[in-house]
Q: 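Dropping the structure in here first, questions after.
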Amino acid sequence: MGHSRTYRLPGINVARRLSPTHLGSGFLGKAAYRAETKENVVHGVVMYAPGDVRVEERVDPQMLEATDAIIRVSAACVCGSDLWPYRGVEQLQWPAPMGHEYAGIVEEVGAEVETIKPGQFVVGSFWASDNTCENCRVGYQSACVNRVPMGALGAQADLLRVPLADGTLVATPDVPSDDLVPSLLSASDVLGTGWFGAVAAQAGAGKTVAVVGDGAVGLLAVLAAKQLGAERIVAMSRHDSRRRLAREYGATDLVEERGDAGVAAIKELTNGLGAHCVVEAVGTQESMMQAIHATRPGGHVGFVGVAHGVAVDGMDLFWSLAHVHGGPAPVRRFLPELIDLIWNRQINPGKVFDLELPLDDAAAAYRAMDQREAIKVLLRP
Ligand SMILES: [Zn+2]
């Protein structure tokens, strides 16, 4: 890549600005020393503006809290939600460190970390959470009262600081073989998010589940619906490779139409009633209305696409008689179960990664996802 140059880690700089109380003089002195000597330099992805993704040298992340861990990232990836700023739909504070999905080996833990140990292979969610507060205890770790967004720390990098390590990270039984890493990485977001979508839509035995969206989250919502025992699973996609994977993950029916025509197709498959459960995994006005209108009275919509410019009409919702639940997935709730399913090779969610690139080629990874040439790109630091 032609754009590499030395750059102070934006994530750490942001954290410094946001958390002045975390800074002891010893920390500042050590960081300054490292910056001056350019030791322990790591590579990380930084977005400068829409369409402008660079891989830069950054100063390695420092322990800020006694509850932190530092992990060496085995694999990271580009998320569909990273495409919103890439396409200029969402503004970030430029330059922004990128990446919130990660799996890797623990290098160092703070003095108050009890369960996570150096040398363990761990997976965490895109929200760091204490897993002990009232919201966490009822399974809504993405609303943890102490949550920290991992995206601000930049997981598309060699090394990553993970706050609240005991609450956030889940260790695998052993260091996994390489072929399991993509699936374990998927649990960090897309699998956990698709799973939450299916759970929020109440997918289960005897149910017909429709999934709006054929990105990684939608495809893994199909996988989740199958695991949860759904009888019939309708994937909505018009792309051959995605349709094939949806079939492999358990889709029994495929619908190509979108919008009102897509709703009509779902109704035709369900005696005019609509699906019991609909997962919305896109985040646009069309996909949200498609999901609500394709749900039968009394049915459930699980929406996990990050909503951009979506406005739901009150009368539409009123007459739908649907339950609507969604939001940022509490992935941490599902991690132990998902890691277990992956470890025992009962599911293979890692197949959503249809392109793997070195971290240094991150710009090409974003381009491939933006052009829909790849479903999801895995980045190897
Ligand atoms: Zn919490």
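Small disclaimer: the values here were computed from a predicted structure and weren't measured. Any value given below was found using the heavy atoms of this structure, including those in side chains, with hydrogens, waters and symmetry copies removed. Whatever order the structure lists ligands and atoms in, that order sets their numbers, starting from 1.
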Q: Which residues and atoms, counting only protein N, O or S, are under 2.8 Å from the Zn ion (ligand 1)?
A: Asp130 OD1, Cys133 SG, Cys136 SG, Cys144 SG
Q: Run the salt-bridge test on Asp354 and Arg242 with the 4.0 Å N-O cut-off and return the result as yes or no.
A: no
Q: May I have all residue pairs that pass ring-ring contact (aromatic ring centres under 6.0 Å, His included) and include part of residues 154-175, sequence neighbours excluded?
A: none
Q: Do Asp189 and Lys376 sit within salt-bridge range, that is, some charged N less than 4.0 Å from a carboxylate O?
A: no
Q: Where is the tightest heavy-atom contact between His43 and Asp158, given as atom of each residue plus distance?
A: N-OD2, 2.8 Å
Q: Any ring-ring contact (aromatic ring centres under 6.0 Å, His included) pairs touching residues 80-110, not counting sequence neighbours?
A: Trp84-His308, Tyr86-Tyr366, His100-Phe126
Q: Considering residues at least two apart in sequence or located in another chain, which fulfil the ring-ring contact (aromatic ring centres under 6.0 Å, His included) criterion with His325?
A: Tyr140, Phe196
